[in-house]
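First up is the structure itself, then whatever we jot down about it.
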2 protein chains.
Amino acid sequence: MNRISDATITRLSRYYRSLVHLETQGQEMVSSKELAKRHKVTPAQVRKDLSCFGQFGTRGLGYSVCQLKETIAHILGLHRIWKVALVGAGSLGSALISYKEFKRQGFHIVAVFDNDPHKVGKKRRGLTISDITKLPKIVKELDINLAVVAVPTTAAQSVVDILVKAGLKMILNFAPETLKTPPGVTIRNVNMAIELEALSYRLVASEMSRLDGKPKLSSI
Amino acid sequence: MNRISDATITRLSRYYRSLVHLETQGQEMVSSKELAKRHKVTPAQVRKDLSCFGQFGTRGLGYSVCQLKETIAHILGLHRIWKVALVGAGSLGSALISYKEFKRQGFHIVAVFDNDPHKVGKKRRGLTISDITKLPKIVKELDINLAVVAVPTTAAQSVVDILVKAGLKMILNFAPETLKTPPGVTIRNVNMAIELEALSYRLVASEMSRLDGKPKLSSI
DNA sequence: ATCTGGTTGTGAAAGAGTTCACAAGCCCGA
DNA sequence: TCGGGCTTGTGAACTCTTTCACAACCAGAT
């Protein structure tokens, strides 16, 4: 139980959303069975995930929806506001600024950066785009906790270097490349193209197996 | 070796990007060691991943950059054009339309759908937004293979139902909710908020352990 | 008080995924 | 032709994650 896996944390996030939903429905208790069904996992998985952090249920009854929701919010740090710096004011960056789910969960984008002189000074939904060189100063001033990188692949590594130098420890990266970070800095990657490629692989594989009954191709 | 794991496929996608890069640099051979270093995995991992599909290397020398690149492209289905339907013409959807990486890897968004009468008929980068009710017909006509769902959470499930009914088997979902699909339909989720929550959890956990030396919180 | 049906929490078993370790193989120079 | 240096491919060991299985427990009916 030493280190909790990313998989567990991700599932907690999902459970949390179900709990919010169930609460609005007025449901008071929920069992691991019900929660499991909503998320395509086993009830044991749900219980194990929760047991990493303590005992929150009542045998015979299940979990209190409201209480479990609050507990998970605390675990995930959703009860507080996180200040987020966004780097990259292209179309993806702009979409992230107006992405409601971020704000709903307490992630407030409070600064936007770009290196394009045409964009610097312009506004995006009320936020003025700053030059990337101002980042260290602004991160300090606003006490920013997290960074989101939405720049082209070629620029991603140098942006991350800047973020690390500015003292940021948590980075969400949208560029489809593995980036170098010193120990102590956590980077998570969101890879939209790579996700599509995983689907495309399955599509190819299923066509293969449909054609010749063999799910595996050894030589191409 | 029966079923290849998602993790392996995802790594192949990453290796592929390195290979493309190395090829432009004029490098002819690459070892599992070098590839591993670029992706923060072990050399054994790289070799195992590749060995799922055959033997592509030369002992003592490594892998031919160009040949391995082509091989992975075939495995992932990147040597062909996939037609993609995008549902949701909000800011995220619009960003996806202009996301270069999709087109670069052979994923062409050929149709855009929305249910908002104000948007239907309008254009996004040359693509006319169609009403969601036209989806089944257009999917057939254009022979679309994949769907990307970029609609608000509340609409996601009904959109997926429509996609499934239209015969699509592969769906990439951006809504932060676990969606129901019948067997035979594969859905992959990209969860930007959930990724941030994982970072936020680590931030909370690291603060905890810094304060009292205990990485675990049992009661809140 | 006792029984019944239902649910949690958790050690143990099973299953996946990763790393190790080494034989087998290639290239090059002597 | 042989030896040294290097790298692949892969069974076996290991580690991490998930599932199983069951004691412990709760509520409400009898």
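Quick note on labels: first sequence line is chain A, next is B, and so on, each numbered from 1. Predicted model, so just to flag it, every value in this text is computed and none were measured.
A side-chain donor-acceptor contact under 3.5 Å links A:Lys83 to the backbone of A:Leu142. A donor-acceptor pair under 3.5 Å is absent between the side-chain atoms of B:Thr8 and the main chain of B:Ile4, judged by distance alone.
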Each nucleotide N or O in nucleotides 28-30 of chain D that has a protein N or O under 3.5 Å away: list the pair and distance.
none

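Classification of the B:Phe53-A:Tyr201 ring pair by plane angle, with boundaries at 30° and 60°, yields perpendicular. Ring geometry for A:Tyr15 versus A:His39: interplanar angle over 60°, hence perpendicular rather than tilted (30 to 60°).
Between the CD atom of A:Gln45 and the P atom of C:dG9 there is a distance of 15 Å, rounded to whole Å. Atom P of nucleotide D:dG5 and atom CE of B:Met29 are separated by 21 Å, given to the nearest angstrom. Atom-to-atom, CD of A:Gln55 to P of C:dG11 comes out at 10 Å; the value is rounded to the nearest Å. The separation between A:His39 atom NE2 and D:dT18 atom P is 15 Å, rounded to whole Å. Straight-line distance from the CD atom of B:Glu34 to the P atom of D:dT7: 10 Å, rounded to whole Å. Here C:dG25 presents its P atom at 16 Å from CZ of B:Arg47, a figure rounded to the nearest Å. Atom pair B:Asp49:CG and C:dT18:P shows a separation of 7 Å (rounding to whole Å applied). If you take CG of A:Leu50 and P of C:dT7, they are 16 Å apart, rounded to a whole angstrom.
Within the 4.0 angstrom heavy-atom criterion, no nucleotide atom of any strand lies near B:Thr8.
Neither side chain, B:Arg202 nor A:Thr186, offers a donor N or O lying under 3.5 Å from an acceptor on the other.
The pair A:Asp6-A:Arg188 counts as a salt bridge, with a side-chain nitrogen and a carboxylate oxygen less than 4.0 angstrom apart. In this structure, A:Arg17 pairs ionically with A:Glu101, as a charged nitrogen and a carboxylate oxygen lie closer than 4.0 Å.
A:Ser32 has a side-chain polar atom (N or O) that falls below the 4.0 Å cut-off from OP1 or OP2 of C:dT8. Residue A:Thr42 has a polar side-chain atom (N or O) positioned under 4.0 Å from OP1 or OP2 of D:dT19. The side chain of B:Arg11 contributes an N or O atom lying less than 4.0 Å from OP1 or OP2 of C:dT18. Under 4.0 angstrom from either OP1 or OP2 of C:dC26 there lies no side-chain N or O belonging to B:Tyr63.
Under 3.5 Å, the side chain of A:Arg59 and the base of C:dT8 form at least one donor-acceptor pair of N or O atoms. If you check distances only, the side chain of B:Lys48 does reach the base of C:dT19 with a donor-acceptor pair under 3.5 Å.
Candidate nucleotides C:dT10, D:dC26, D:dT10 were compared by shortest atom distance to the side chain of A:Ser51, and C:dT10 ranks first. Checking D:dT8, D:dT18, C:dT19 against every side-chain atom of A:Ala7, the shortest atom distance belongs to D:dT18.
If you find the closest nucleotide of DNA chain D to A:Thr58 and to A:Asp6, the one lying nearer the 5' end belongs to A:Asp6.
The closest side-chain heavy-atom distance from A:Phe107 to A:Leu78 is below 4.5 Å.
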